[in-house]
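Below you'll find the structure, written out as structure tokens, and then a few comments.
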Amino acid sequence: MADIPETLARAFPEYEFSDLDSDADAELVIERVLEYGTRAEWCWLFSRYGLERIRNFVRRRGYRTLSKRGFAYWRLVLDIEEYQRPPWAETAASLWGR
């Protein structure tokens, strides 16, 4: 936990912040910082994990884990056109027109 900024504790209310590990919990940390982080926390995130790892996260998991607004924002910022969409999303779109 020592290398995760204390200011991010608010983004993990259901976790014991002191137990989080930036390596073991990398995907969770990336998700929460992209969704709830400030500009300074985003800078820390990109320096800690690197642009490609974060882009890969958004491609693979962003659709499922980020809000619609957050996912659209990071796709635009990171210039991501292709991403993985879960199979249920196709079914939902055909049923409810989303």
Side-chain angles (χ1 to χ4, degrees):
M1 185 292 299
D3 65 332
I4 301 175
E6 284 288 327
T7 58
L8 284 167
R10 65 180 160 48
F12 302 92
E14 70 273 43
Y15 294 92
E16 186 63 47
F17 187 68
S18 59
D19 292 341
L20 291 174
D21 180 274
S22 64
D23 292 322
D25 302 310
E27 298 232 333
L28 174 65
V29 172
I30 292 169
E31 169 199 335
R32 297 298 173 90
V33 177
L34 290 178
E35 192 68 36
Y36 304 112
T38 63
R39 174 178 247 154
E41 292 161 348
W42 294 338
C43 289
W44 169 82
L45 182 77
F46 281 88
S47 68
R48 173 66 181 87
Y49 296 106
L51 176 63
E52 273 314 301
R53 184 167 184 184
I54 295 167
R55 288 183 89 224
N56 286 334
F57 171 84
V58 173
R59 276 191 205 106
R60 279 187 355 272
R61 301 204 31 163
Y63 187 91
R64 296 184 109 176
T65 62
L66 298 174
S67 65
K68 284 183 181 184
R69 174 182 259 172
F71 181 57
Y73 175 80
W74 288 110
R75 281 185 52 221
L76 180 66
V77 169
L78 300 173
D79 193 29
I80 296 171
E81 293 182 22
E82 294 183 20
Y83 58 91
Q84 288 182 354
R85 198 169 170 180
W88 56 261
E90 300 299 325
T91 304
S94 67
L95 290 174
W96 295 292
R98 290 184 171 178

Check: R59/N56 side-chain N/O donor and acceptor closer than 3.5 Å |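 A pair is found: one side chain offers a donor N or O, the other an acceptor, under 3.5 Å apart.
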
Is there a chain of hydrophobic side chains (I, L, V, M, F, W, Y, each step under 4.5 Å between heavy atoms) that links V58 to V77?
-> yes

Rounded at 0.5 Å granularity, tell me how far [atom1] in [X] sits from [atom2] in [Y].
{"X": "E41", "Y": "R10", "atom1": "CD", "atom2": "CZ", "answer": "4.5 Å"}
{"X": "F46", "Y": "L78", "atom1": "CZ", "atom2": "CG", "answer": "5.0 Å"}
{"X": "D25", "Y": "Y15", "atom1": "CG", "atom2": "OH", "answer": "8.0 Å"}
{"X": "I30", "Y": "Y49", "atom1": "CD1", "atom2": "OH", "answer": "5.5 Å"}
{"X": "L28", "Y": "L20", "atom1": "CG", "atom2": "CG", "answer": "6.5 Å"}

Ring pair (Phe, Tyr, Trp, His ring centres under 6.0 Å) with F71: which residues, sequence neighbours excluded?
->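 With neighbours one apart ignored, the set is Y63, Y83.
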
E27 side chain to F57 main-chain N or O, any donor-acceptor pair under 3.5 Å?
->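 Between the backbone of F57 and the side chain of E27 there is no qualifying donor-acceptor contact (under 3.5 Å).
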
So, for D21 and I4, which heavy atoms are closest and what is the spacing to 0.1 Å?
-> C-CD1, 4.3 Å

4.5 Å side-chain heavy-atom contact, [X] and [Y]:
{"X": "Y73", "Y": "L66", "value": "no"}
{"X": "W44", "Y": "L8", "value": "yes"}
{"X": "R55", "Y": "W74", "value": "no"}

Thinking salt bridges, do R32 and E14 make one under a 4.0 Å N-O criterion?
->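 A salt bridge is present here (some side-chain N lies under 4.0 Å from a carboxylate O).
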
With R48 via side-chain hydrogen bond (donor to acceptor under 3.5 Å, both in side chains) - residues at least two apart |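 For R48, the residues satisfying side-chain hydrogen bond (donor to acceptor under 3.5 Å, both in side chains) (neighbours in sequence not counted) are D3, S22, D23.
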
